[in-house]
**Student:** 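Submitted below is the structure of interest, expressed as structure tokens.
For reference, positions follow the sequence shown, starting with 1.
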Amino acid sequence: MKFDTITLNGQDVSVVSVNTAIVGTGAAGYNAADRLYDNGVTDICIITEGVNMGTSRNTGSDKQTYYKLTLSGDGADSVAAMAQNLFEGGAMDGDLALCEAALSSQCFYKLADAGVPFPHNRYGEFVGYKTDHDPRARATSAGPLTSKFMTEKLQARIAAKGIDVLDGYQVIRVLTDGEVCRGLLCLNKNDLSGARYLLINAVNVVYATGGPAGLYALSVYPESQSGASGLAFEAGAAGKNLTEWQYGIASTKFRWNLSGTYQQVLPRYISTDADGNDPREFMDDCFPDSTSLLDAIFLKGYQWPFDPRKIENCGSSLVDLLVHNEIHNNGRRVFLDFLHNPSCLKEDFSNLGGESYEYLKNSNALFGTPIERLEHMNAAAIKLYADHGIDLKSEMLEIAVCAQHNNGGLAGNCWWESNLPHLFPVGEVNGSHGVYRPGGSALNSGQVGSTRAAQFIAANYAGTPVSAEEFGAAVGAQAAERMAQTDAVFARRETPNTLAARKEIGTRMSKDAAFIRSAESVASVAAAAKADMESFFDTASIASDYELPIALGNYDLLVAQYVYASAMADYIADGGRSRGSYLVSAPEGKLPREGMSEMFRFVADDGTRAAKVQETCMKDGKAVCTWRAVRPIPQEDNWFENVWNAYLKGEIVK
């Protein structure tokens, strides 16, 4: 890493020149740095807004899952079988599915060796269980905080290697020469009124910024996570499957998804008025009998994401719709009550369905109240909330249907390189998933993608960066433009609007472009975001120096919101219907049950788009969508001598 200074807009600006800059200190970013170093690329640095920010470190579930090849027992499994299962999720490229299957064991064992406490039996078998969309028992977990453990253990490896971490720097522009990613312009949050900018002159940028979490007000993402996808779109990177998200029931006071044991202990769902009065079990009249209601609650445990295929016949996703309806159409607040059993639950549990009854029986949990069952089955789930000031033993948990994960994101090839060469989006920011994915596959994907990116960089892009002067000549105009725009926002203090704008961005996305969508609603979001994006640098105003990073984050989110909502509008205009984790309102469709709002009338997708990928990019300030066929799963010649020869000649990584 080399330091220089160049002059832009009359300001002396520091330049860091490095082979590879990694943006983000989550599990994917740290792994990219660790793998690069081990592959001999040591001229690297990590850039982060804050080491302790981000989703990997600050999120989880009752039993956060890591998905990998089966590594225990006598059940049949193979790389090809796992790749096929990932591919069958729809709109997923086969080469990515094959990579994620092939490297899953390698990446998992590295984490285990690093000290992530994945459970194994006395003979060393890493045992597993079934997760959603998983035909085998490939899932494993280190508890509620699996990704946090991963991040911490990988961070320790980075520290031991002495890899530089530039903390307190926010990317505010991805710099290109029109054809290739050349580096970054960063805001120095450590000195906003002084040396405000830092330029990164890099041969490669590994973009591990996480999903665009700040897009939604109702969100499971930690408040410290906002994302930086918009800046990549602005630079010319393409998006992929941007329509595809996961949404589900989560707590709102402390953002956490309420899956697994939180549902399987059968809490009571109640709603109140705005002041917390008039409690009622609002779902009782929406199911034909108590068994179907209790089974739907139970199934929310491992069918946590909303899924329009699970609405009919009193399926578990009807619960999501009823919660949403109670909040947004009836103006009430909804809670999970672990202190009392649902009033319809019989004392001897005899009105549970077979699966629910057997699960609780096998768990020795056919007794007591939900909180007593939760303490017996998963005491860590109670402690998790206690650690955040919420006592499930004395208070109810307010909930909503929230955005949790973006299955789409930036497009990349089988080495996780963007269409913008030398830019490698890894982790959730990469749209490697399709419509449906097994629970926990995101953690595997982040490790696989960052490993692949590091391998490719080491083999092909390990050269020295250009001089600071040559870098300035190539990208100085872009950087100077963003600096001037930022300086104008910094100086504008009349009628501050930054915090209100952030709230508006999230509110309109949650209202009109979340798990309930229509052609009209997403078009409205796209139009509003585009107008705000285009006027942003002329109107954004801050109350204090502290708000400048938030304001620039708003710009990134507006670009992302415009591109994402445009992709949703294009999907619906192309005839796309309800699939994945969202419902597209359709006047000609059917209601899940009589008396519900017309917004819930829908038609299920017919599956014809499962073999297609939608890609979206910015051209001349406008979002442009195209469709292509999915890339099939590669059929390789795996004759050992042939692969060995190609490997020895360096022909594999290209």
Side-chain angles (χ1 to χ4, degrees), residues 89-91 132-133 215-220 241-250 257 259 283 286-287 296 299-300 303-330 334 399-408 433-437 507-526 564-565 567-610 614:
D132 47 309
H133 309 306
L215 284 180
Y216 287 99
L218 292 176
S219 171
V220 189
N241 290 334
L242 301 182
T243 55
E244 307 308 313
W245 289 75
Q246 283 188 177
Y247 307 89
I249 291 170
N257 59 330
S259 60
M283 296 198 300
C286 304
F287 288 82
L299 288 172
K300 282 283 15 148
Q303 295 177 359
W304 179 82
F306 172 78
D307 184 345
R309 301 175 305 179
K310 296 181 175 69
I311 294 174
E312 295 187 84
N313 301 317
C314 301
S316 60
S317 286
L318 180 58
V319 174
D320 302 85
L321 294 185
L322 294 172
V323 168
H324 183 84
N325 184 67
E326 195 73 356
I327 295 170
H328 295 277
N329 295 329
N330 296 338
V334 178
I399 66 171
V401 182
C402 299
Q404 184 257 357
H405 190 274
N406 188 194
N407 278 5
H433 310 296
V435 181
Y436 301 97
R437 64 175 180 84
T507 299
R508 70 183 171 212
M509 195 77 173
S510 285
K511 177 179 178 290
D512 290 325
F515 87 111
I516 307 295
R517 310 171 184 173
S518 69
E520 297 75 21
S521 70
V522 294
S524 173
V525 171
Y564 271 82
M568 294 176 185
D570 175 77
Y571 172 83
I572 297 172
D574 193 59
R577 303 290 194 154
S578 300
R579 73 175 188 181
S581 193
Y582 55 90
L583 183 151
V584 177
S585 300
E588 72 277 18
K590 58 182 177 181
L591 284 173
R593 59 179 297 275
E594 289 304 316
M596 293 190 78
S597 168
E598 288 296 306
M599 70 191 299
F600 299 126
R601 197 176 288 279
F602 77 103
V603 176
D605 185 69
D606 62 7
T608 55
R609 285 166 189 78
Q614 181 203 55

**Student:** Between W304 and D132, is the side chain to side chain contact (heavy atoms under 4.5 Å, CB included) condition met? List the steps.
**Tutor:** CA-CA 8 Å; W304 179 82; D132 47 309; over 6 Å; no
**Student:** Do Y571 and R517 have a side chain donor and acceptor closer than 3.5 Å?
**Tutor:** no
**Student:** Can a donor-acceptor pair be found between the side chains of Y582 and E244 at a distance below 3.5 Å?
**Tutor:** yes
**Student:** Under 4.0 Å between a side-chain nitrogen and a carboxylate oxygen: does that hold for D320 and K300?
**Tutor:** yes
**Student:** For S521 and S518, test the side chains for any donor-to-acceptor distance below 3.5 angstrom and give the result as yes or no.
**Tutor:** yes
**Student:** Check whether any side-chain heavy atom of N241 lies under 4.5 Å from a side-chain heavy atom of N407, and answer yes or no.
**Tutor:** no
**Student:** With sequence neighbours excluded, tell me which residues meet ring-ring contact (aromatic ring centres under 6.0 Å, His included) with Y216.
**Tutor:** W245, Y247
**Student:** Please determine whether a side-chain nitrogen of the Lys or Arg among R601 and E588 lies less than 4.0 Å from a carboxylate oxygen of the Asp or Glu.
**Tutor:** no
**Student:** Supply the atom-to-atom distance R577 CZ to F602 CZ, rounded to the nearest 0.5 angstrom.
**Tutor:** 11.5 Å
**Student:** Any side-chain donor paired with an acceptor under 3.5 Å for D570 and Q614?
**Tutor:** yes
**Student:** Salt bridge or not for R609 and D574, using N-O below 4.0 Å?
**Tutor:** yes
**Student:** So, taking the atom named CZ in F600 and the one named OG in S578, what distance separates them when rounded to the nearest 0.5 Å?
**Tutor:** 12.0 Å
**Student:** With rounding to the nearest 0.5 angstrom, report the NE2 to NE2 distance, H433 to H405.
**Tutor:** 4.5 Å
**Student:** Would you compute the distance between atom CZ of R579 and atom CG of D307 and round it to the nearest 0.5 angstrom?
**Tutor:** 12.0 Å
**Student:** With rounding to the nearest 0.5 angstrom, report the CG to NZ distance, L318 to K310.
**Tutor:** 13.5 Å
**Student:** How about Y564 and N406: does a side-chain donor come under 3.5 Å of a side-chain acceptor?
**Tutor:** yes
